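Following: one structure in structure tokens, then a few remarks.
To find a chain, count down the sequence lines: A is the first, B the second, and so on, and within it residues start at 1. These figures come from a predicted structure and were not determined experimentally.
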Number of protein chains: 2
Amino acid sequence: MLEVPLSRAYGDKIPVTSIPDFQPLYKQVYAVFVRRISEGAWRPGQAIPSEQALARELGVSQGTVRKAMDTLASENLILRRQGKGSFVAEHTQEHALFRFFRLARPRPARERVTPQLGEETVRSRSANDVERARLALRKGARVVEIRRTRLIDGAPKVVEKIILPLGLFPGIDKQRTLPNTLYSLYQGVYGVSISVAKEELRAVRANKGDAKTLGLEPGTPLLQIDRVAVALDGQPVEWRVSRCDTRDIVYAVDVN
Amino acid sequence: MLEVPLSRAYGDKIPVTSIPDFQPLYKQVYAVFVRRISEGAWRPGQAIPSEQALARELGVSQGTVRKAMDTLASENLILRRQGKGSFVAEHTQEHALFRFFRLARPRPARERVTPQLGEETVRSRSANDVERARLALRKGARVVEIRRTRLIDGAPKVVEKIILPLGLFPGIDKQRTLPNTLYSLYQGVYGVSISVAKEELRAVRANKGDAKTLGLEPGTPLLQIDRVAVALDGQPVEWRVSRCDTRDIVYAVDVN
DNA sequence: CAGTGGTCTAGACCACTTA
DNA sequence: AAGTGGTCTAGACCACTGA
């Protein structure tokens, strides 16, 4: 059932300008669908109802549902298969690994590289001020700190520090093993789907720890990726700082 | 007039699978529009015909034209204004500067910074092997090398080396002054519109020249952006290597 | 074969711009 | 008032999937 009724303006002789914050029908429908995914009514991997069924349920035309689902698909929130149906996207697929992991070999190959997992440590503690700012946490909130190394072609190339709010991911510090793609864990176990990641890139010097882990001289330039991942509801849910040895691999972006 | 007739399959009792490389109508229409822009039949800033007029001309429905134009708009190739019409995008606008210039202040501000131009040198010479590979040039082709400094808040923060095929941009080395956004010059004077830029980011050490220009110690880590810009027809038209002092500014990306 | 998403059409009405 | 893009509908037919 619909939580909030759609407000239909076009075709109802109501001047749109008289409605504050008016959104066209297809955007309202889109918002309904996002809420269903983000609140778990539609679960990752599950098939969602057909366009026709949704159109009937919401009392709109199939074209309007389709336009909303086009947007969902372009944002990788759903996956559509002609003849089969539409499915809530899972972060477990290989494509999800590469969605947020943009390291690749340099030109001319430019192929994405598949990182392996190296050493890993996990502990929980109180959040410091920077962490509270990044993750919008209250004073005294607890966080989990994960540190790990990523290998490429067997050699350590990236060190990562990952900070998670323990309140959002209870017991994650007690997991025996963490997967290569944490985002599938967030989604599968905790129902948290990442919608966008905001990254800031800098060049920094390797400190002693970086240098030892990566087998470099201290002071060697590293590419630092400072990323805050945001969930479907807009809440920041992960702060991750990766430092990469970019002598053999690069961070690849296509700007449109 | 249409250069190549559209091949209509749907609705013509022709099984689509029997046509090799079949593209749906709206994609064919999209390709026609891109060609018109890339070949200059529709010029930057100019209004293009209305959806109805284009639908009549091409013998398709307005909805099909709209779908093609939706794609163009999402790629920033055209600009649509309700009540006014659709216009070929110009690279002269402020938004175009930021489209390919992604340096910003760090969180929490995260606002884009507007770079000023510092020193600049321009010379032309034969392309070396790397340049020929990057720009797909023939042996003996000539290139223009532009070196310049970009200032942020008045202080030099970025050094750039820009390599252009002289064949594509004849006389560009004789221009008195080059604009801050070269892409507007490429488009306005030479009819070359950039569709995508492929960037590779690395952390590197400042060499002596970098250090002197940026007021740093040699060896200081710099963020190196290695970018090849590609025109609408798929041809690489610019190779640019920027080295940035990222102590006060960062390269900002939002990954969806 | 029925059901799904993908393509395409025709037409209505709306809001915005310009004249 | 006329013309533009924006929204929305209803319906046809297509290609693909799985029973």
Side-chain angles (χ1 to χ4, degrees), chain A residues 6-33 46-74 77-89, chain B residues 6-33 46-74 77-89:
Chain A
L6 302 183
S7 80
R8 174 186 307 271
Y10 295 126
D12 264 9
K13 318 276 186 204
I14 303 173
V16 159
T17 37
S18 73
I19 308 175
D21 297 325
F22 171 75
Q23 291 287 99
L25 259 188
Y26 70 89
K27 286 189 184 170
Q28 300 179 49
V29 171
Y30 165 82
V32 168
F33 293 169
Q46 218 180 51
I48 68 184
S50 74
E51 296 178 355
Q52 290 288 1
L54 290 167
R56 273 194 307 275
E57 185 211 342
L58 301 180
V60 302
S61 79
Q62 189 217 5
T64 299
V65 169
R66 168 172 289 272
K67 190 155 182 178
M69 293 185 50
D70 280 346
T71 310
L72 291 175
S74 77
L77 289 182
I78 64 170
L79 227 136
R80 314 173 88 182
R81 298 262 192 79
Q82 192 174 15
K84 295 190 68 172
S86 298
F87 303 81
V88 180
Chain B
L6 302 183
S7 80
R8 175 185 307 270
Y10 295 125
D12 263 8
K13 318 275 186 204
I14 303 174
V16 159
T17 36
S18 74
I19 308 175
D21 297 323
F22 170 76
Q23 291 289 98
L25 259 190
Y26 71 90
K27 285 189 184 171
Q28 300 180 50
V29 171
Y30 164 82
V32 169
F33 293 169
Q46 217 181 50
I48 68 184
S50 73
E51 296 178 355
Q52 290 288 1
L54 290 166
R56 273 195 305 276
E57 184 210 342
L58 301 180
V60 302
S61 78
Q62 190 217 3
T64 299
V65 170
R66 167 172 290 272
K67 189 155 183 179
M69 294 185 48
D70 281 346
T71 310
L72 292 175
S74 77
L77 288 182
I78 65 170
L79 228 135
R80 315 172 88 182
R81 299 263 190 77
Q82 192 174 15
K84 295 190 69 172
S86 299
F87 303 81
V88 180

Rounding to the nearest 10°, end axes of the helix from C:dC1-D:dG18 to C:dT18-D:dA1 built from five pairs each make an angle of 0°
Per-pair distances, 0.1 Å, donor-acceptor, side chain in residues 79-87 of chain A, under 3.5 Å, sequence neighbours excluded:
from, atom 1, to, atom 2, distance (Å)
A:Arg80, NH1, A:Asp70, OD1, 2.6
A:Arg80, NH2, A:Glu51, OE2, 2.6

Supply the atom-to-atom distance [X] [atom1] to [Y] [atom2], rounded to the nearest 0.5 angstrom.
{"X": "A:Thr71", "Y": "A:Phe33", "atom1": "OG1", "atom2": "CZ", "value": "10.5 Å"}
{"X": "B:Ser50", "Y": "B:Arg56", "atom1": "OG", "atom2": "CZ", "value": "6.0 Å"}
{"X": "B:Leu25", "Y": "B:Leu58", "atom1": "CG", "atom2": "CG", "value": "9.5 Å"}

Within this structure, what is the [atom1]-to-[atom2] distance between [X] and [N], rounded to whole angstrom?
{"X": "A:Gln52", "N": "C:dG6", "atom1": "CD", "atom2": "P", "answer": "13 Å"}
{"X": "A:Met69", "N": "C:dG5", "atom1": "CE", "atom2": "C1'", "answer": "8 Å"}
{"X": "B:Leu54", "N": "D:dG3", "atom1": "CG", "atom2": "P", "answer": "16 Å"}
{"X": "B:Tyr30", "N": "C:dT7", "atom1": "OH", "atom2": "C1'", "answer": "18 Å"}
{"X": "A:Ile78", "N": "C:dG5", "atom1": "CD1", "atom2": "C1'", "answer": "10 Å"}

Quick one: on DNA chain D, does A:Pro24 or B:Arg81 contact a more 5' nucleotide (nearest heavy atom)?
B:Arg81
Can you name the residues that form a side chain to side chain contact (heavy atoms under 4.5 Å, CB included) with A:Tyr26, not counting sequence neighbours?
A:Pro24, A:Thr64, A:Lys67
Examine the base of C:dG6 for any acceptor or donor lying under 3.5 Å from a partner atom in the side chain of A:Arg80, and report the outcome as yes or no.
no
Under-3.5 Å donor-acceptor pair between B:Arg66 side chain and D:dG6 base
yes
Only one of B:Ile78, B:Val29, B:Leu77 forms a side chain to side chain contact (heavy atoms under 4.5 Å, CB included) with B:Met69, so which one is it?
B:Ile78
Which pair of non-hydrogen atoms, one from B:Val32 and one from B:Leu6, has the smallest distance, and what is that distance?
CG2-CD2, 4.1 Å
Could you pull out the closest heavy-atom pair between B:Tyr30 and B:Ala68, with the gap in Å?
N-CB, 3.7 Å
Does a nitrogen or oxygen in the side chain of A:Lys67 sit under 4.0 Å from OP1 or OP2 of D:dT7?
yes
With a 4.0 Å cutoff (strictly under), does any side-chain N or O of B:Tyr26 reach OP1 or OP2 of C:dC8?
no
Can you name the atoms? Protein N/O to nucleotides 17-19 of chain D N/O, anything below 3.5 Å, with the distance.
from, atom 1, to, atom 2, distance (Å)
D:dG18, OP1, A:Lys84, NZ, 3.4

Please confirm whether the backbone N or O of A:Gln23 pairs with a side-chain atom of A:Gln28, one donor and one acceptor, at under 3.5 Å?
yes
Distances under 3.5 Å between protein N/O atoms and the N/O atoms of nucleotides 9-12 of chain C, please, pair by pair.
from, atom 1, to, atom 2, distance (Å)
C:dT9, OP1, B:Arg8, NH1, 2.8
C:dT9, OP2, B:Ser61, N, 2.9
C:dT9, OP2, B:Ser61, OG, 2.9
C:dT9, OP2, B:Thr64, OG1, 2.4

